[in-house]
Amino acid sequence: GGILVRFSRIAMNRPVCPSLAIRCVAGLALSTGHAAFGMGLPGPLPPTSREMQMPMLAFGTGDTHCAPDCASAVSEALRLGFRHIDTAYEYGSQKAVAAGIQVSGVPRSEIFITTKIPGPVGTERAAELLRQGLRELNTSYIDLLLMHYPCDTSYPDPRDACNGTDGMAARLETWRAMEAMKTTGLVRHIGVSNYHVRHLEHLLAPGNNVSAPFVNQVEWHLGWHDEELFNYSKPFGIQVQAYSALGGGGTSTGHNGGIALDDPIVVSIARKHGVSIAQVALRWSLDRGVAIITATTKPSHMQSDLDIYKFSLSAEEVRSLDKLRAAVPSVQIFDDWPDVVMPVIALGTRPRSLDAKCNVSTKVARWFQLGGRHVDTTHSYGSESEVGVALSAAVAGGVAARDELFVTAQIPGPVGKAAAELMESSMLPALNLTYVDLLLMQWPCLDSASPESCSGEDGAADRAATWLALEDLRASGKARSIGVAGFGVAHLDHLLPFVAKVNGSTSLVAVNQVEWHLGWHDEELLAYCQKHGIRLQARSPLGGPGASHGHGHLSSEAVQAAARKYGVTPAQVALRWSLQRGVPVVTSGTEQTHMVEDLSPLFVFSLSTSELDILSNLSTASTMLEGMAIAI
């Protein structure tokens, strides 16, 4: 099983076993512990050791990785040397794990099994799920039981179970039930999954008098690793365990993509050690002290995963890998569970003419093939069906799973309650989706050509009614996050107090998409949005055609000089400037060469502070309307 992590906070009155040889004779009766949960299961209780050992490398059985023949994959993994199997109620793979263990011939006493209950489901449901897990896994005990999510995912909106007192109380109730399970011997260790620092802080509050989780299983890989969570966990002895250890599909958010496979730093390290890039990425986690779950059905890949114990990285190599960022980075736009993180480069899908609509699906398909994962569409563009064709083709063709794609859709202005019907009866069916990742109110007024229609009370009332419709769509799961587009400070000054009155905070306003480029950038609006936790997003980031306020100064000497210095195009300089200002961009390239330029090359150079200042002070192309940021 390779490297092991030791757990030592077990009840002192339990007999001690030296290692994973956990078939020690305990001679303990079942009746007391099982009666507490109504288990009614026959047979002796297996003992729990004081120093239980968990193999740091686990074989994962999530449904997207283990299907179609999960039992065979588990059996093969055990045959090759894996001794830790990870499953969950939600994966539907517990029976297959039991079958694979039986076929493998490896004794149960040599295997560490982790499974999970879905979330803070309460005492009775947790007991039911444990009984089911024991039955399906054909075992009398679970080595590690995790609470899969900090929220009950059966809620219409999982966030509802995370925000208020009810959500916190449910987590604490379920955790105490899990602690009680441990005293019966049916569960040897307990932990959590997908917990952020704020969830752990609540759980471990001094007045709760509970034990710390042994494990917190979270997304962790090169390009995406929560150092705050990692450092918080250390004093409590919480072992961080990585799923999606190579990034890409299966990530909790779907958008925390890994580093580029041909990253020169990783390639160089892999060549030095004579190993694969994947092995370098996995070994990096181990050398950081993070346990790993891998997932594959190919025996050759299983063996490759096990071979990461044959080499180690130097401290300098680990530090260099720590600094890597995702090939197309994401930014967090909604700070709750589940986090909503948005790739910082989106492809806009506004057709330049009616004849161009038929080319939108080809354009989006090309974007996905090249590695783009964020697409932006608007109902007023009339291209949703074409976008939907490309989305369906990408998923069906294996280019990307749905949860790897980020889709932004826009309601055409403050249409009030009609927003819900428009979304449910027109936009989602056209996109062939059940939800979008970000839903925006495209304009602060119905007549975008008449800013005066936005300034009165009628305009504010329409915006408020539309916002409530957006909140309802988010609550029903049809939008993961919501925001606005084309809103200036004056509009936000009207909207945010209303949102705060309804929700107690303004955190639901995730994004404000506006025109922003070198020739037109509203610094007052940027500062306002940053103050209120709203992510400003750039539409028309190069200026020029489609921009309301002039060109983007791509021909200026400052831009040209930076392009020559870094060996990039002026357009890349302009896009990089926006990204370094903390403003994600929506591009509109149609040619493959332009799309390639809009992707990973942007992240291999950085503008200096002085260059950012020079570019930020290029003269704007026109005078800004006070308090407005009208976007096309």
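Position 1 is the first residue of the sequence, and the numbers go up from there. Computation of the quantities below employed the complete heavy-atom set of this structure, encompassing side-chain atoms and omitting hydrogens, waters and symmetry-equivalent molecules.
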| message | Could you check whether any side-chain heavy atom of Leu130 comes within less than 4.5 Å of a side-chain heavy atom of Ile142, counting everything from C-beta outward? | response | yes

| Side-chain donor/acceptor of Arg283 to backbone N/O of Phe311, under 3.5 Å | yes

| said: Less than 4.0 angstrom from a charged side-chain N to a carboxylate O is my criterion; do Arg79 and Glu76 meet it? | reply: yes

| message | What I'd like to find out is whether the side chain of Leu78 reaches to under 4.5 Å of the side chain of Ile85, using heavy atoms alone. | response | yes

| message | Using modelled atom types and a 3.5 Å cut-off, is there a donor and acceptor pairing between side-chain atoms of Arg108 and backbone atoms of Ile111? | response | yes

| Within a strict 4.5 Å, meaning less than it, do heavy atoms of the Asp305 and Phe82 side chains meet? | yes

| request: Just do the side chain to side chain contact (heavy atoms under 4.5 Å, CB included) check on Ile238 and Leu204 with the steps written out, would you? | output: CA-CA 12 Å; Ile238 301 171; Leu204 301 176; 4.3 Å; yes

| Taking only residues two or more places apart in sequence or in another chain, which ones pass ring pair (Phe, Tyr, Trp, His ring centres under 6.0 Å) with His202? | none

| said: Any donor-acceptor pair under 3.5 Å linking the side-chain atoms of Asp86 with those of Gln217? | reply: yes

| field | Ala479 versus Leu439, closest heavy-atom pair with distance | value | CB-CB, 3.9 Å

| message | Looking only at the side chains, is there a donor atom on one of Gln279 and His273 sitting less than 3.5 Å from an acceptor on the other? | response | no

| message | Between Glu128 and Arg125, does any NZ, NE, NH1 or NH2 come within less than 4.0 Å of an OD or OE carboxylate oxygen? | response | yes

| query | Are Arg402 and Asp437 ion-paired here, with the side-chain N under 4.0 Å from a carboxylate O? | reply | yes

| task | Using a strict cut-off of less than 4.0 Å between a Lys/Arg side-chain nitrogen and an Asp/Glu carboxylate oxygen, indicate whether Asp307 and Lys310 qualify as a salt bridge. | result | yes

| Using 30° and 60° as the class limits, which term best fits the ring planes of Phe112 and His189: parallel, tilted or perpendicular? | parallel

| pair Leu324-Ile265: side-chain heavy atoms closer than 4.5 Å | yes

| For Leu137 and Thr87, what are the C-alpha separation, side-chain angles and deciding distance, and is it a side chain to side chain contact (heavy atoms under 4.5 Å, CB included)? | CA-CA 10 Å; Leu137 287 164; Thr87 183; 4.2 Å; yes

| query | Is Arg188 close enough and on-axis enough to Tyr141, meaning under 6.0 Å and within 45°, for cation-pi? | reply | yes

| message | Any side-chain to backbone donor/acceptor pair from Ser476 onto Asp472? Under 3.5 Å, distance only. | response | yes

| query | Can you check whether Leu229 reaches Leu200 side chain to side chain, under 4.5 Å on heavy atoms? | reply | yes

| Modelled atom types, side-chain donor and acceptor of Ser481 and Arg474, under 3.5 Å | no

| said: Quick check for you: to the nearest 0.5 Å, what is the distance between Glu90 atom CD and Thr115 atom OG1? | reply: 10.5 Å

| query | Would Glu471 and Asn503 count as a side-chain hydrogen bond (donor to acceptor under 3.5 Å, both in side chains) if you check the C-alpha gap in whole Å, the side-chain angles of each, and the deciding distance to 0.1 Å? | reply | CA-CA 10 Å; Glu471 287 196 11; Asn503 300 286; 2.7 Å; yes

| query | Do Thr61 and Ser93 meet the criterion of a side-chain donor-acceptor pair at a distance under 3.5 Å? | reply | yes

| request: Considering non-hydrogen atoms only, spot the tightest contact between Phe236 and Tyr232 and give its length. | output: CD1-O, 3.4 Å

| field | CA sep, side-chain torsions, deciding dist, call: Gln132, Glu136, side-chain hydrogen bond (donor to acceptor under 3.5 Å, both in side chains) | value | CA-CA 6 Å; Gln132 181 176 339; Glu136 292 184 351; 3.0 Å; yes

| query | Is Asn138 atom CG crowded by more than 12 heavy atoms from other residues, nucleotides or ligands, each under 6.0 Å away? | reply | no

| said: Under 6.0 Å between ring centres: does that hold for Phe230 and Trp220? | reply: yes

| task | Scan residues 221-245 for pairs that pass salt bridge (charged side-chain N to carboxylate O under 4.0 Å, His left out), counting only residues two or more places apart or in two chains. | result | Glu227-Arg288

| request: Could you walk me through whether Gln537 and Met342 pass side chain to side chain contact (heavy atoms under 4.5 Å, CB included), step by step? | output: CA-CA 11 Å; Gln537 184 184 32; Met342 179 180 74; 4.0 Å; yes

| message | For the backbone of Asn216 and the side chain of Gln239, can you confirm whether one donor and one acceptor N or O come within less than 3.5 Å of each other? | response | no

| task | Determine whether Lys116 and Leu145 make a side-chain contact, defined as any pair of heavy atoms from C-beta on separated by less than 4.5 Å. | result | no

| query | Out of curiosity, Thr294 OG1 to His84 NE2, how far, rounded to the nearest 0.5 Å? | reply | 10.5 Å

| said: Between Thr174 (side chain only) and Ala170 (backbone N and O only), is there a donor and an acceptor less than 3.5 Å apart? | reply: yes

| message | To the nearest 0.5 Å, what is the distance between CG on Asn209 and CD on Glu179? | response | 9.5 Å

| Is it the case that more than 12 heavy atoms not belonging to Glu201 sit under 6.0 Å from its CD atom? | yes

| Rounded distance [0.5 Å steps], CZ in Arg319 versus CG in Leu313 | 12.0 Å

| query | Hey, does the side chain of Glu173 reach the backbone of Thr123 with a donor-acceptor pair shorter than 3.5 angstrom? | reply | yes

| query | Going through the distances and angles, do Asp403 and Arg373 end up as a salt bridge (charged side-chain N to carboxylate O under 4.0 Å, His left out)? | reply | CA-CA 10 Å; Asp403 65 359; Arg373 290 298 180 263; over 6 Å; no

| query | Just by distance, with hydrogens left out, do Ser285 and His221 show a side-chain donor and acceptor under 3.5 Å apart? | reply | no

| Has the side chain of Asn194 got a donor or acceptor atom that lies under 3.5 Å from a matching backbone atom of Tyr149? | no

| Does the pair Val436 and Thr408 meet the rule for a side chain to side chain contact (heavy atoms under 4.5 Å, CB included), with working shown? | CA-CA 6 Å; Val436 297; Thr408 295; over 6 Å; no

| Hey, does Val218 have a side-chain heavy atom less than 4.5 Å from the side chain of Tyr195? | no

| field | CZ-NZ distance between Arg135 and Lys95, expressed to the nearest 0.5 angstrom | value | 8.5 Å

| query | Do Phe368 and His374 have ring centres separated by under 6.0 Å? | reply | no

| said: Checking side-chain polar atoms at under 3.5 Å, does Asp322 have a donor or acceptor matched by the opposite partner on Trp284? | reply: yes

| message | Side chains of Leu438 and Ile482, heavy atoms from C-beta outward: is any pair under 4.5 Å? | response | no

| note | Nearest heavy-atom approach of Leu431 to Ala409 is CD1-CB, 4.5 Å

| task | Identify the two heavy atoms, one from Ala73 and one from Met302, that lie closest to each other, and give their separation to 0.1 Å. | result | O-CE, 3.5 Å

| message | Can a side-chain donor-acceptor contact be found between Asn432 and Ser392 if the only test is distance below 3.5 angstrom? | response | yes

| Nearest non-hydrogen partners of Leu470 and Gly483, listed with the distance | CD2-O, 3.8 Å

| Polar side-chain atom of Ser104 near backbone of Ile101 as donor-acceptor pair, under 3.5 Å | yes

| remark: For Pro118 and His148 the tightest heavy-atom approach is O-CB, 3.3 Å

| field | Spacing of CG belonging to Leu282 relative to CD1 belonging to Ile277, to within rounding of 0.5 Å | value | 12.0 Å

